[in-house]
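Structure record follows, encoded as structure tokens.
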Amino acid sequence: MTVTNVQFPIDLNAYKPVVLDVANATLTLEQRESLKANIQLCRDAIVFFTATGAARGVGGHTGGPYDTVPEAIVLDALFNSVPDKFVPIFFDEAGHRVATQYLMAALHGHLPNDQLLYYRQAHSGLPGHPELGLTPGVKFSSGRLGHMWPYVNGVAMANPGKVVFCLGSDGSQQEGNDAEAARLAVAQHLNVKLIIDDNDVTIAGHPSKYLGGYSVAKTLQGHGLRILEGDGEDIDDLYHRIYEAVNTPGPIAIVNKRPMCPGIAGLEGSTHGHDVISVDLAIQYLESRGQTAAVEYIKSIQKPKQTYTFLGSSNKWDANRNVFGDAMVAVLSRLSEVERKENVRVIDSDLEGSCGLKKIHDAYPEIFISSGIMERGNFSAAAGFGMESGKQGIFATFSAFLEMCISEITMARLNYSNVLCHFSHAGIDDMADNTCHFGLNNMFADNGLDDGYQTRLYFPSDANQMKACVESAFFEPGLRFIFSTRSKVPLILDNNGHEFFGRDYKFVPGKDEVIREGTQGYIISFGDALYRALDAVERLKQEGLDIGLINKPTLNVIDEEMMAKIGNAPFLLVVESFNRRTGLGSRFGSWLLERGFTPKYAYLGTHKEGCGGLWEQFPHQGIDPVSIMNKVKDLVK
């Protein structure tokens, strides 16, 4: 990305390096005041540039990086003072705290200060999680929660004699990976120091309320780590505990107690602080800090809009991830209270507001379990509940986390469990979190054998089809995976401009659907790629190319009738937002050949790392309408 001449409105040159001697247990007055000034400067900067993400509509977490500024500033001083004693990387197992990495990259001269103004914007090189090799100054890729500490253990093994830090959180410590990492660190006496922000806040609530008995300090102590617990906002106490950890060999957890977003009016202690600060609260905060130029810049930002008009679709858009919750409530409302309590259990993984489960929580709290960031265990609990015939376990999380549950899915299948899963945020659309949060490998859920217990993968294309799909799938036995996107999608229209999946529509599992007929070839698509493919088909017809479109809402079942219909077409093109290596396209060609069909065949899918931003991900991957049309024209030639 080319940075404009707009100047970063907060003077980052005011950041003054502090020299800390790890032989001294206490701070001098000068060190203390310099550290405090650096902390305040960095917190102002983080509030400001993450708020630009709010103003542009790309989101971007504020509270986590804001919270952990004191420990990051102390580590920065240590790294600069005695670099040979440390692996000088701010490893962080909460990837959404990426603002820390970008700010440090700027402070160290790897990144122009002004580039921070484009936080999470498409093609800015500043996605919602750190990615090694993409952003100058970023020294690791964090992946998802719970992935970093096990990795850092290996870094410590590779750097004997050096101290390795890993910034943690009470949310990421809920993941089972960290329990395994703790045991290895203790057993091997690794010189790993965890610095954990224990603010009792995750996305959907407070761990102290939804996970009664959970304690970060006691859990890690039980694994054998030494615990240094204290006030993360007391710079002297924080430094002394870091000093003690550095000068004590072996794994140690520095647990910092603080409210979420300390000092930010309207956010302190609130779950809303987990995500990006609102524009109004950011302006209020920055005005109180005298950051007038920063306020004016935020006010000047115009939220970018998708201006493309998609042919064949309605101007009514809805978020299927939320429609799932509405559809579930509608089905559950037809059960008696006794039937619901006895036969249905809904288990959340701290994402109820993002996956539509909050609708169920609000309507039927008696069947809802608020749980933590423990996808594997929560899925298995839902499967265990659904082990008995007639009972249904309901589970939901992001599609990116499906890969973390493969073994548990296999065990659920072997135990003939009934689980209805909603994996939202499938594909790449509106995914400013970028590559590590792409829901690309959803076909992995269909990992059973041909004679195994039934598994169905469904990806409805609009709100009407989502409702119909839930109605049909709820009472099916077996494992059912319903996918949706983070983005809203428009209603699909028929040739006459009516809603294709309207009132008379019935969802039939395993059946493909002809959205448009064609004589020169067919596109096969599903989910959020369908309306883009439909636009391409409509525009191609206007250019004189008679191309058809098939919707395949059941991804892992072969519709023999449809295969017979389209198998002898001049060409077939699969268009999807899944991984090109593992998606529908990688299977569909084999299905054709097995049946003796040999049309010209191609498939488009996600094939490279993301660019950040929102809808910009589709043209970046070459699966937008223009790219689809170009591919069709190549096939027609």
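The residues of the chain are indexed from 1 along the displayed sequence.
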- prompt: Charged N to carboxylate O under 4.0 angstrom, K36 versus E30?
  reply: no
message: For H422 and F398, I'd like to know if the aromatic rings sit close, meaning centre-to-centre distance below 6.0 Å.
response: no
query: Do F49 and Y118 have their ring centres less than 6.0 Å from each other?
result: no
Test item: [X] side-chain N/O and [Y] main-chain N/O as donor-acceptor pair under 3.5 Å:
X	Y	value
K85	V22	no
T435	E609	no
N38	K16	yes
S399	S424	yes
Q617	C611	yes
E616	L614	yes
H240	A25	yes
Q31	T28	yes
T50	I46	yes
S81	L20	yes

Evaluate the ring planes of [X] and [Y], with Trp represented by its six-membered ring, and classify them as parallel (under 30°), tilted (30 to 60°) or perpendicular (over 60°).
X	Y	answer
Y66	Y285	perpendicular
F140	F91	tilted
F379	F481	parallel

Output the distance between atom [atom1] ([X]) and atom [atom2] ([Y]), rounded to the nearest 0.5 Å.
X	Y	atom1	atom2	result
F79	H108	CZ	NE2	9.5 Å
I347	E375	CD1	CD	13.0 Å
T248	K193	OG1	NZ	6.5 Å
S34	I73	OG	CD1	11.5 Å

task: Begin from the C-alpha positions of D430 and H425 and carry the test side chain to side chain donor-acceptor pair (under 3.5 Å) through to its verdict.
output: CA-CA 9 Å; D430 275 18; H425 294 56; over 6 Å; no
- request: Walk me through it: do L41 and D11 pass the test side chain to side chain contact (heavy atoms under 4.5 Å, CB included)?
  value: CA-CA 8 Å; L41 173 69; D11 183 15; 5.8 Å; no
task: Indicate whether any N or O donor in one side chain lies under 3.5 Å from an N or O acceptor in the other, for S380 and E408.
output: no
message: Pairing donors with acceptors under 3.5 angstrom, does anything connect the side chains of D350 and T202?
response: yes
Mind checking whether [X] and [Y] have side chains closer than 4.5 Å, heavy atoms only?
X	Y	answer
I196	I254	no
T68	E71	yes
I428	N434	no

- request: Before giving the answer on salt bridge (Lys or Arg N to Asp or Glu O under 4.0 Å), spell out for D231 and K257 the whole-Å C-alpha distance, their side-chain angles and the decisive distance to 0.1 Å.
  value: CA-CA 5 Å; D231 182 356; K257 292 287 189 178; over 6 Å; no
Please find the pair of heavy atoms, one from [X] and one from [Y], that lie closest to each other, and give the distance.
X	Y	answer
L116	L126	CA-CD1, 4.1 Å
V74	L238	CG2-CD2, 4.4 Å
Y119	V58	O-CG2, 3.8 Å
S349	F395	OG-CE1, 3.6 Å

task: Starting from the C-alpha separation in whole Å, work towards a yes-or-no answer on side chain to side chain donor-acceptor pair (under 3.5 Å) for S169 and S172.
output: CA-CA 5 Å; S169 68; S172 55; 2.8 Å; yes
task: Before giving the answer on salt bridge (Lys or Arg N to Asp or Glu O under 4.0 Å), spell out for R120 and D433 the whole-Å C-alpha distance, their side-chain angles and the decisive distance to 0.1 Å.
output: CA-CA 8 Å; R120 289 171 65 106; D433 279 327; 3.1 Å; yes
Report all side-chain donor-acceptor pairs from residues 268-280 shorter than 3.5 Å, counting only partners two or more places apart or in another chain.
| from | atom 1 | to | atom 2 | distance (Å) |
| --- | --- | --- | --- | --- |
| E268 | OE1 | G263 | N | 2.7 |
| S270 | OG | H272 | N | 3.0 |
| S278 | OG | L281 | N | 3.2 |

Just list the side-chain donor-acceptor pairs under 3.5 Å for residues 144-166, sequence neighbours left out, or say none.
| from | atom 1 | to | atom 2 | distance (Å) |
| --- | --- | --- | --- | --- |
| R144 | NE | C436 | O | 2.8 |
| R144 | NH1 | A400 | O | 3.2 |
| R144 | NH2 | C436 | O | 3.1 |
| H147 | ND1 | R144 | O | 3.3 |
| H147 | ND1 | L145 | O | 3.2 |
| W149 | NE1 | N153 | OD1 | 3.2 |
| N153 | ND2 | A181 | O | 3.0 |
| N159 | ND2 | V155 | O | 2.9 |

query: Under the side chain to side chain contact (heavy atoms under 4.5 Å, CB included) criterion, do F86 and V246 qualify, and how do the steps go?
result: CA-CA 9 Å; F86 306 99; V246 168; 3.9 Å; yes
Contacts of type side chain to side chain donor-acceptor pair (under 3.5 Å), residue H110, not counting sequence neighbours: none
task: Evaluate the side chain to side chain contact (heavy atoms under 4.5 Å, CB included) criterion for residues Q173 and V255: first the C-alpha distance (whole Å), next the side-chain angles of each, then the deciding distance (0.1 Å), finally the verdict.
output: CA-CA 11 Å; Q173 285 292 311; V255 179; over 6 Å; no
- request: Run through D170, D237, D197, D198 and flag the one making a salt bridge (Lys or Arg N to Asp or Glu O under 4.0 Å) with R258.
  value: D197
- prompt: So F48 and F8, ring pair (Phe, Tyr, Trp, His ring centres under 6.0 Å) or not? Walk me through it.
  reply: CA-CA 10 Å; F48 165 65; F8 194 79; 5.3 Å; yes
task: Give the intermediate values and the outcome of salt bridge (Lys or Arg N to Asp or Glu O under 4.0 Å) for residues D236 and R32.
output: CA-CA 8 Å; D236 290 287; R32 182 184 305 110; 2.9 Å; yes
- request: Give the C-alpha distance, both sets of side-chain angles, the deciding distance and a yes or no for side chain to side chain donor-acceptor pair (under 3.5 Å) between N378 and S371.
  value: CA-CA 7 Å; N378 290 338; S371 189; 2.9 Å; yes
field: Verdict with reasoning, E229 to K218, per salt bridge (Lys or Arg N to Asp or Glu O under 4.0 Å)
entry: CA-CA 11 Å; E229 192 171 26; K218 289 180 180 178; over 6 Å; no
- prompt: Going through the checks in order, is the side chain to side chain donor-acceptor pair (under 3.5 Å) test met by T410 and N447?
  reply: CA-CA 7 Å; T410 297; N447 64 349; 3.0 Å; yes
